[in-house]
Amino acid sequence: MGRRSPELGRFTDVALLVLVSLAEGDKHGYRMIQDIEEFSGTSLEPGTLYGALMRLEEREWIEALPAAERRRPYRITASGRDALNEQLATLRRIEQTGTRRARPSWGVT
């Protein structure tokens, strides 16, 4: 099924959403919550977001930037972008397989 980074481990949906949001540019937590809801329809609680930010920062997939007006922005790192691209490739394979398998077969009722 293709290459899989050993540090990728179990990839949570929240982590994926955060990386997708930050791939567009640096954001602070509240803006990430808004962005994630806009592009995915997923409403995150602050505690859920900040738990994911902490785990992503520990993996060095994101980094905190200096705070501005009590808000701390975050940035995706090069290794975070690599992890995101790898996960998106996996999701594309899953989507393609699922779409192919979900098509009705001749003679199946």
Side-chain angles (χ1 to χ4, degrees):
M1 180 191 227
R3 188 177 69 84
R4 183 174 176 92
S5 298
E7 74 274 359
L8 194 58
R10 290 186 71 177
F11 204 95
T12 65
D13 292 336
V14 175
L16 176 61
L17 295 172
V18 168
L19 291 176
V20 169
S21 181
L22 291 177
E24 181 185 46
D26 306 346
K27 294 182 183 74
H28 57 77
Y30 180 69
R31 182 61 191 117
M32 273 186 264
I33 288 173
Q34 290 176 318
D35 183 46
I36 289 166
E37 186 157 7
E38 288 169 9
F39 76 74
S40 74
T42 301
S43 179
L44 296 180
E45 295 294 324
T48 303
L49 174 69
Y50 286 100
L53 291 174
M54 185 178 70
R55 289 186 299 277
L56 289 167
E57 202 169 5
E58 287 171 358
R59 288 184 171 186
E60 299 181 351
W61 290 352
I62 66 168
E63 60 187 359
L65 300 173
E69 298 177 19
R70 294 181 32 210
R71 293 183 174 169
R72 178 167 299 273
Y74 292 86
R75 167 185 302 154
I76 191 170
T77 64
S79 60
R81 196 169 294 278
D82 290 344
L84 173 59
N85 285 326
E86 187 173 327
Q87 184 64 12
L88 292 174
T90 298
L91 291 172
R92 277 190 292 277
R93 286 191 306 273
I94 292 168
E95 185 272 335
Q96 291 167 354
T97 301
T99 299
R100 186 179 67 250
R101 291 180 180 178
R103 287 188 191 118
S105 298
W106 288 103
V108 174
T109 56

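All of these numbers come straight from a predicted model, not from anything done at the bench.
- Summarising the local packing, CD of Gln34 is surrounded by more than 12 heavy atoms from other residues, nucleotides or ligands at distances under 6.0 Å.
- At least one side-chain heavy atom of Leu88 sits less than 4.5 Å from a side-chain heavy atom of Leu16.
- A 4.5 Å side-chain heavy-atom check between Leu65 and His28 finds every atom pair outside the cut-off.
- A continuous path of ILVMFWY side-chain contacts below 4.5 Å connects Leu91 to Leu56, so both sit in one hydrophobic cluster.
- The two residues Ile62 and Thr77 come nearest to each other via the heavy atoms C-CG2, 3.8 Å.
- The local environment of OH in Tyr50 is crowded, with over 12 non-hydrogen atoms from other residues, nucleotides or ligands closer than 6.0 Å.
- Nearest approach of Ser21 to Lys27, heavy atoms of both residues: O-NZ, 2.5 Å.
- To the nearest 0.5 Å, atom OG of residue Ser79 and atom CD of residue Glu60 are 6.5 Å apart.
- Here the shortest heavy-atom pairing between Tyr74 and Leu22 reads O-CD2, 3.4 Å.
- Considering every non-hydrogen atom in both Leu84 and Ala23, the closest pair reads CD2-CB, 3.8 Å.
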Derivation of the side chain to side chain contact (heavy atoms under 4.5 Å, CB included) call for Glu63 and Ile76:
CA-CA 6 Å; Glu63 60 187 359; Ile76 191 170; over 6 Å; no

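- Under the 4.5 Å side-chain contact rule for hydrophobic residues, Met32 and Met54 do not share a cluster.
- Looking only at atom types and distance, the side chain of Glu95 has a donor-acceptor partner in the side chain of Thr99 under 3.5 Å away.
- Scanning all heavy atoms of the two residues, the minimum distance from Arg72 to Pro66 falls at NH1-CA, 4.2 Å.
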Step by step, work out the side chain to side chain contact (heavy atoms under 4.5 Å, CB included) result for Leu17 and Phe39.
CA-CA 9 Å; Leu17 295 172; Phe39 76 74; 3.9 Å; yes

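- Annotation for Leu19 and Gly80: closest pair CD1-O, 4.1 Å, computed over non-hydrogen atoms.
- Partner of Glu38 under the side-chain contact (heavy atoms from CB on, under 4.5 Å) criterion, out of Asp35, Thr42, Ile36: Asp35 alone.
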